[in-house]
Protein chains: 2
Amino acid sequence: MARPTPLSGFPEWLPAERAVETHVLDVLRRTFELHGFAGIETRAVEPVEELLRKGETSKEVYAVSRLHDEDGASSEKRLGLHFDLTVPLARYVLEHAGKLVFPFKRYQIQKVWRGERPQEGRFREFTQADVDVVGSETLPFHYEVELPLVMAEALSTLPIPPVRIAVNNRKIAEGFYTGIGLTDVEGALRAIDKLAKIGPDAVAELLEKDAGATPEQARQALELAAVNGIDASVAERVRALGVSTPLLEEGLSELVALVEAAEERVPGTVVADLSIARGLDYYTGSVYETTLVGHEDLGSICSGGRYDSLASDGSRTYPGVGLSIGVSRLVARILGAGLATASRAVPTAVLVAVGSEEERRRSEDVAAALRARGIPTDVAPTAAKFGKQIRHADRLGIPFVWFPGAEGDEVKDIRSGDQAPADPASWAPPAEDLLPSVQRT
Amino acid sequence: MARPTPLSGFPEWLPAERAVETHVLDVLRRTFELHGFAGIETRAVEPVEELLRKGETSKEVYAVSRLHDEDGASSEKRLGLHFDLTVPLARYVLEHAGKLVFPFKRYQIQKVWRGERPQEGRFREFTQADVDVVGSETLPFHYEVELPLVMAEALSTLPIPPVRIAVNNRKIAEGFYTGIGLTDVEGALRAIDKLAKIGPDAVAELLEKDAGATPEQARQALELAAVNGIDASVAERVRALGVSTPLLEEGLSELVALVEAAEERVPGTVVADLSIARGLDYYTGSVYETTLVGHEDLGSICSGGRYDSLASDGSRTYPGVGLSIGVSRLVARILGAGLATASRAVPTAVLVAVGSEEERRRSEDVAAALRARGIPTDVAPTAAKFGKQIRHADRLGIPFVWFPGAEGDEVKDIRSGDQAPADPASWAPPAEDLLPSVQRT
């Protein structure tokens, strides 16, 4: 077999890189569990017709078929790999509703797949970390405040720059647009979504051409999109535009409640930004977009919102609110931009040297004693010269090499060269060396 | 959407069940890391031609294709989902050899997929947990002793009955068969593999019919397969059959070294069983098969062996030894047979009650204080009557409910009904209630 080449869009990490990713995943899990979210996993596949229900043409689906059954002779349902963790959550909730306690708070960290064109340089396989709360029939608004704060806390404990969570509310856009007589709400949102890319003049044209807006309606929609802030002044500025509908007022009071609570809990993180339009076509309340300060080119690293109907089985409706972190994209940036590194590529804190193959058993005993006290330990692969065994430890970043001796053992910190007598029944490395750590660089 | 039905072969767990699986995965990871294995993940897909290299017809491959590209117009390589973690490991080692330190010790816990016929009731998606050591050009024998002991330690810390690891060595079978002039070694192994199922008489027939054995050779092969034991007597009994070749002797000394070391480290766990034939067609040294005592119907829950050439790029060969645990099958048995349960379905140790929606902020403050000290905490979904809030905690298995009060807070153990004053800055649950635990039942 010739040396294989990477597959475009399918990222894979070397051990030291994977250690950084594992740290990220551990921190996320820990934060989600501290907030009472239960972890679940769903199968990787869903029926293709369910994956395509919402007309997800932009997220190309990978179909899956048994290699020995490609003539389609099978009567089985056609399956595809999930492209997010929301479609599977909706299905899981419907399938298991009778056995779940609502509101159902779950986190889910899994791979997803998207058949993107490879030339776009996007990931075709990547890990997402989602938190959602799903209610049965009702779901209190306060979860729309709590969920982004959980993510803000999780992201603040990662070795990354600060984040900025921009929030908006579907009710504001819909309430305002209908208040000014602009009835093609989705069309208007699609135009506003291009604001950062093409600027206000071109968006005004689009609003008129595609969303049926008058020049005055276009001007008003752009004025709404220009509003942002972190407190009640946001609502004041919108009201100053002279439009008022019950839905708009509801949206404004929700948005203000969200940014004010956020400003108390995680100051400087959450900002209302009424130009946010992405997702407003399917979310029904709050929406969230998160950028990494100084890395805005990454796009949103954590997005989500509220659905009044995440799922419905005809007799019962399940509203939900949640956010999803694009873990692979974040880790790729941490690694690519050198934002953080792992202290070593292996879990091992101690390498026990082997004097001769006849004495390997003695070294194994030392390792067993250290492991029994929770110290990750390895034994040298061969009874090479000690210099070579130390180099092996050094290449892996293992900080300590242990030398069993007839007249007592010694342990060497190979970074400082310090060597001292040690007893495997009691010696321990400094706390910071026990496990690999991930440090900002 | 009507209520969805499960997909046969794609297991999915409820939160309390997933808590058991998570415990299993955490224990495995912890053990592997204590022994110095670095965790990696590989992409879910490999080129189909690589998946089929070894003629893996029995493990049906799931092919993957972009739904919008099914006319095959794409010039991209055809991809399939990996059916184990060994093929990806071999590819990973070849692809990244220049950046790995050998011997490369890695663990890998991931989903794999097999397009089994659904009527066989087998899993089509399941989690495997693998440990392997891969050398560059050489790999010392001592790893063939250490790897099954790592798995024995990992399995012994799970909430399952004791395991029995049966071991054999390809060199014994090959050395013995060629010593008696039976040259179709693979054919003979295929016949011996059926011993437990069809008995010695039928196997003797197969040996003669399919492997070209004389009646005398068939008798001798069956005598070899009858040998088992946990010490050097195994070698004595084989030698007493009157056959001796250098390869046989090498295999015997390896097998005895393995069972004797195991008997010292994990007494009563590892046994030499010369009837083990599965895998001897591709492994080149030790082979391992693990059964759960009292659950032998499950088949092997942890198998593996030594490959002299796990991978090769033409100029360099990478020998390896490893074992793989079928986690999903094991967890399905733990759950199905009620071997263990999680103490609760959620991570939450404390539910903070909410007196009224106006006072929710007060409850959120208590929750934040508890979380800051590592106590998983949730806040009641609504300001319902306290009785209803307590029932919500009870349904989730949350042991404590916290009541913020104007004249000081109180916390109630809802199992005992005991209620006492508590300060969120200092109160902690008993250690055994802090996190969910998994107990044998």
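Proteins get letters first, then strands, A, B, ... in listed order; numbering begins at 1 in each.
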**Message:** Which residues pass the salt bridge (Lys or Arg N to Asp or Glu O under 4.0 Å) test with D394(B), not counting sequence neighbours?
**Reply:** none
**Asked** Hey, which of E125(B), H142(B), H96(B) has the most heavy atom pairs under 4.5 Å with chain A?
**Response** H142(B)
**Asked** If you round to the nearest 0.5 Å, how far is NE2 of H35(B) from OG1 of T348(A)?
**Response** 11.0 Å
**L94(B) CG to T5(A) OG1 distance, which is reported to the nearest 0.5 Å** = 12.0 Å
**Request:** Identify whether the distance between the nearest side-chain nitrogen and carboxylate oxygen of E17(B) and K99(A) falls below 4.0 Å.
**Result:** no
**Fill in**
For P140(B) and T382(A), the nearest pair of non-hydrogen atoms, with its separation, is CG-CG2, 4.1 Å
**Message:** At a 4.5 Å cut-off on heavy atoms, which part of V48(A) comes close to chain B: side chain, backbone, both, or neither?
**Reply:** side chain
**Asked** By number, which residues in residues 36-43 of chain B have some heavy atom less than 4.5 Å away from chain A?
**Response** G36(B), F37(B), A38(B), G39(B), I40(B), E41(B), T42(B), R43(B)
**Asked** Under a 4.5 Å heavy-atom cutoff, which of V346(B), T22(B), L7(B) has the most pairs with chain A?
**Response** L7(B)
**Message:** Counting heavy-atom pairs closer than 4.5 Å to chain B, which one of R30(A), E46(A), E364(A), H392(A) comes out on top?
**Reply:** E364(A)
**Message:** Only pairs of heavy atoms separated by less than 4.5 Å count here; which of V45(B), V133(B), L81(B) has the most with chain A?
**Reply:** V45(B)
**Item:** From CA spacing to verdict: side-chain contact (heavy atoms from CB on, under 4.5 Å), R106(B), R18(A)
**Value:** CA-CA 11 Å; R106(B) 84 87 175 80; R18(A) 170 65 181 165; over 6 Å; no
**Request:** Flag the one option from V64(A), L370(A), V350(A) with the top tally of heavy-atom pairs under 4.5 Å to chain B.
**Result:** V64(A)
**Request:** Would you mind checking which part of R344(B) comes under 4.5 Å of any heavy atom in chain A, side chain (CB onward), backbone (N, CA, C, O), both or neither?
**Result:** neither
**Message:** Please report the interatomic distance NZ(K111(B)) to NZ(K111(A)), rounded to the nearest 0.5 Å.
**Reply:** 10.0 Å
**Request:** Can you tell which part of A345(B) gets under 4.5 Å to a heavy atom of chain A, answering side chain, backbone, both or neither?
**Result:** backbone
**Complete:** Between L14(B) and Y92(A), the two heavy atoms sitting closest are CA-OH, 3.3 Å
**Item:** For R361(B), salt bridge (Lys or Arg N to Asp or Glu O under 4.0 Å) partners two or more places apart
**Value:** E264(A), D365(B)
**Prompt:** What part of P15(B) is in contact with chain A, defined as an atom under 4.5 angstrom from a non-hydrogen atom: side chain, backbone, both or neither?
**Reply:** both
**Asked** Using non-hydrogen atoms only, which part of I375(A) is less than 4.5 Å away from chain B: side chain, backbone, both, or neither?
**Response** backbone
**Message:** Looking at every non-hydrogen atom in both residues, tell me the closest pair between E33(A) and P347(B) and how far apart they are.
**Reply:** O-CB, 3.5 Å
**Request:** Check whether F102(B) gets within reach of chain A through its side chain, its backbone, both or neither, counting any heavy atom under 4.5 Å.
**Result:** backbone
**Message:** Under a 3.5 Å distance rule, please check whether R66(A) uses its side chain to pair with a backbone N or O of Y62(B) as donor and acceptor.
**Reply:** no
**Request:** Heavy-atom distances under 4.5 Å only: say whether R29(B) touches chain A with side chain, backbone, both or neither.
**Result:** side chain
**Prompt:** How many angstroms lie between CG in D378(B) and CG in L34(A), if you round to the nearest 0.5 Å?
**Reply:** 11.5 Å
**Message:** Does any backbone or side-chain atom of P6(B) lie under 4.5 Å from a heavy atom of chain A? Answer side chain, backbone, both or neither.
**Reply:** both
**Complete:** dist K105(A):NZ -> L396(B):CG (nearest 0.5 Å) comes out at 10.0 Å
**Fill in**
Heavy-atom nearest pair, L67(B) first then A63(A), reads CD1-CB, 3.7 Å
**Complete:** Interface check, chain B: of P103(A), G135(A), A367(A), G80(A), most non-hydrogen pairs under 4.5 Å belong to P103(A)
**Request:** Report the distance from atom CZ of R316(B) to atom CZ of R3(A), rounding to the nearest 0.5 Å.
**Result:** 13.0 Å
**Request:** Applying salt bridge (Lys or Arg N to Asp or Glu O under 4.0 Å), name anything that partners E153(A), two or more places apart in sequence or on another chain.
**Result:** none
